[in-house]
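Reviewing the structure listed below.
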Amino acid sequence: MDEALWCLNQPGCVSLQIIFNIFRQKPIETIFAKAKAQSVALIVRLPLASGLLSGRMSKTTTFPADDHRNFNRDGQLSMWEKRLLEFR
């Protein structure tokens with residue numbers, strides 16, 4: 001979020017690409033209002049959470065050990081990601 005806020009403070013910023021999906025909701029509180037007030041377009045990345053929300057994965061879905069979908073920033077699945085996979 002720090003990088004996004006920095007970009008919004010730069011003169012001439014007309015669009016900003018951010019990660020936003022049901023698991024990653026921080027932009028609602030930190031980015032949306034400021035972007036709207038400055039008429040900055042938001043380009044959303046990963047709306048399907050790298051496939052986790054595609055409906056194609058289940059509890060038995062596996063990825064290679066080094067696949068980014070195995071981990072979040074801290075190396076752990078988020079609570080919501082775990083629950084989604086348990087549900088399927």
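Each residue takes its place number in the sequence, starting with 1.
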(message) Could you see if Phe32 belongs to whatever hydrophobic cluster contains Val14? Use Ile, Leu, Val, Met, Phe, Trp, Tyr and a side-chain cutoff under 4.5 Å.
(response) no

(request) Drop me the distance from Lys34's NZ to Leu42's CG, to the nearest 0.5 angstrom. (result) 12.5 Å

(request) Nearest 0.5 Å please: distance from the CE atom of Met57 over to the CZ atom of Phe63. (result) 3.5 Å

(message) Tell me if a side-chain donor or acceptor on Asn21 pairs with a main-chain N or O of Leu46 at a distance below 3.5 Å.
(response) yes

(message) What's the separation between atom CD1 in Ile43 and atom OG in Ser15, rounded to the nearest 0.5 Å?
(response) 4.0 Å

(request) Take atom CD of Glu29 as the centre, draw a 6.0 Å sphere, and report whether it contains more than 12 heavy atoms from other residues, nucleotides or ligands. (result) no

(message) Distance check, rounded to the nearest 0.5 Å: Leu16 atom CG versus Glu3 atom CD?
(response) 10.5 Å

(message) For Cys13 versus Cys7, what's the shortest heavy-atom pair and its separation?
(response) CB-O, 3.5 Å

(request) State, to 0.1 Å, how close Ile18 and Ala4 come at their nearest heavy-atom pair, and which atoms those are. (result) CG2-CB, 4.4 Å

(message) Using every non-hydrogen atom in the two residues, find where Val44 and Pro47 come nearest and quote the distance to one decimal.
(response) O-CD, 4.2 Å

(message) Once rounded to the nearest 0.5 Å, what's the spacing between atom CG of Asn9 and atom CD of Gln38?
(response) 6.5 Å

(request) Output the distance between atom CD1 (Ile19) and atom CZ (Arg45), rounded to the nearest 0.5 Å. (result) 4.0 Å

(request) May I ask whether Phe20 and Leu8 are part of the same hydrophobic cluster, defined by side-chain heavy atoms of I, L, V, M, F, W, Y residues being less than 4.5 angstrom apart, directly or through others? (result) yes

